[in-house]
Amino acid sequence: MRLNCLAGLAVVLSALPAAAQEVTLRAVSSFAEGTEFSRNFERFIDKVNSDGKGLIKINYIGGPRAVPPFEVGNAVRTRVVDMANVTGAFYTNLMPEADGFKLNGKPMREQRSNGTWEFINQLHNQKLNSQYLARQFHNVPFHIYLNKKIDKIDFSGLKIRVTPVYKDVVEALGGAPITTPPGEVYTALERGVVDGYGWPITGIFDLGWEKVTKFRMEPPFYSVEVNVLVNIDSWKSLNDAQRRLLNDAALWLEGLDSEKDAAMKAERERQAAAGIQALDFGPAAAKAFLDRAYDVAWQSVIKRAPESGPKLRQLAGN
Ligand code: 173
């Protein structure tokens, strides 16, 4: 009887690994926890953890306190983490053409059906040892914010905080670019180390930057891209059901971009209410700026990535 019981227990135990194949993935974000460019990724994690009970669990380690923003790409490449929420601008050292992703603002549905996703996924497989699971915020543009008033679109004499997103255009218009991660922007503004900064239209209130910002230059330009990457070995170690769950959640995450039109309108109003004044130089100046901004950015991407740059440009269609 006793033996029987033990034998029964052994069967249950040996059946466990097959029945309970819950896998845990460690994830980080290159943006601060709870702020605009982490928030949808955090919703994605909640969804995976609830839809994927018993199958997959994402252990969210957090934001830049866990891994510095410009090192997140390398952390997912080397499997220090299994998953990351990170903009291509933060891993151009490993993949120069990542700087071109901001030049494609087509909806992800289209990018997935016209071969763009596949091409960018191959680049991630090869250079970042990772799967390109999702891209967020295709419809959210960037701006240059300033503390000194300008009377035309010319940054001569201005020091402007950049990442690779804004560096070429700031330089082309005479500004002095200073690269910093987001976590250093507030202090740089407060101390007058910089006269302005690049950032998307959304998110400055999460960081308190409205307290140290006077102007927002028009027009908006480029497209935000924040990607969810999964280390390729972690990805391959998953079974079909686990991969399907992540893919379904990724499509859901990309769909959240549809919330952004209303959010951007509200954000513009909130900036105006906080005393941030829009500097608008009219349609001709806006067009000249945009032409220049795209031109210098493509040139820079193509110079650094002579093979994949032109292909990215053809896929972006601009
Ligand atoms: O300004 C930045 O730090 C930056 O490059 C970026 C990219 C995507 C979303 C938010 C900021």
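Numbering of ligands and ligand atoms starts at 1, following listing order.
- Some N or O of Arg161 is nearer than 3.5 Å to an N or O of ligand 1, by distance alone.
- Annotation for ligand 1: atoms under 4.0 Å from non-hydrogen atoms of Pro200 are 9 (C), 10 (C), 11 (C).
- No donor-acceptor pair under 3.5 Å is formed between the side chain of Gln271 and the backbone N or O of Phe205.
- Within ligand 1, counting atoms from 1 as listed, the ones closer than 4.0 Å to a heavy atom of Gly198 are 1 (O).
- Side-chain atoms of Leu133 and Leu229, non-hydrogen and from C-beta on, never get closer than 4.5 Å to each other.
- Each of the atoms 3 (O), 5 (O) of ligand 1 lies under 4.0 Å from some heavy atom of Phe90.
- Ligand-side atoms of ligand 1 in range of Val165: 5 (O), range being under 4.0 angstrom from any heavy atom.
- Judged by a 6.0 Å distance limit and a 45° cone about the ring axis, Lys311 is positioned over the six-membered ring of Phe119.
- Here Tyr197 has no heavy atoms under 4.0 Å from ligand 1, in either its backbone or its side chain.
- Proximity to Pro182 (heavy-atom distance under 4.0 Å) selects the following atoms of ligand 1: 3 (O).
- Of all the heavy atoms of Lys102, none lies under 4.0 Å from any atom of ligand 1, so neither backbone nor side chain is involved.
- Stacking of Arg135 on the aromatic ring of Phe101 is not recorded, the 6.0 Å distance cut-off and the 45° axial limit not both being met.
- Arg161 pairs with exactly one of Thr180, Thr179, Asp195 by the side-chain hydrogen bond (donor to acceptor under 3.5 Å, both in side chains) rule, that one being Thr180.
- Ring orientation note: the planes of Phe37 and Phe31 are tilted relative to one another, at an angle of 30° to 60°.
- Annotation for ligand 1: atoms under 4.0 Å from non-hydrogen atoms of Val224 are 8 (C), 9 (C).
- If you look at Phe137 next to ligand 1, there are no close heavy atoms at all, none under 4.0 Å.
- Checked by distance only, ligand 1 and Tyr166 come closer than 3.5 Å through their nitrogen or oxygen atoms.
- Here the shortest heavy-atom pairing between Asn74 and Leu94 reads N-CD1, 3.7 Å.
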### Message
Applying side chain to side chain donor-acceptor pair (under 3.5 Å) to Arg304 and Ser300, what does each step give before you reach the verdict?
### Response
CA-CA 6 Å; Arg304 284 175 290 157; Ser300 166; 2.8 Å; yes
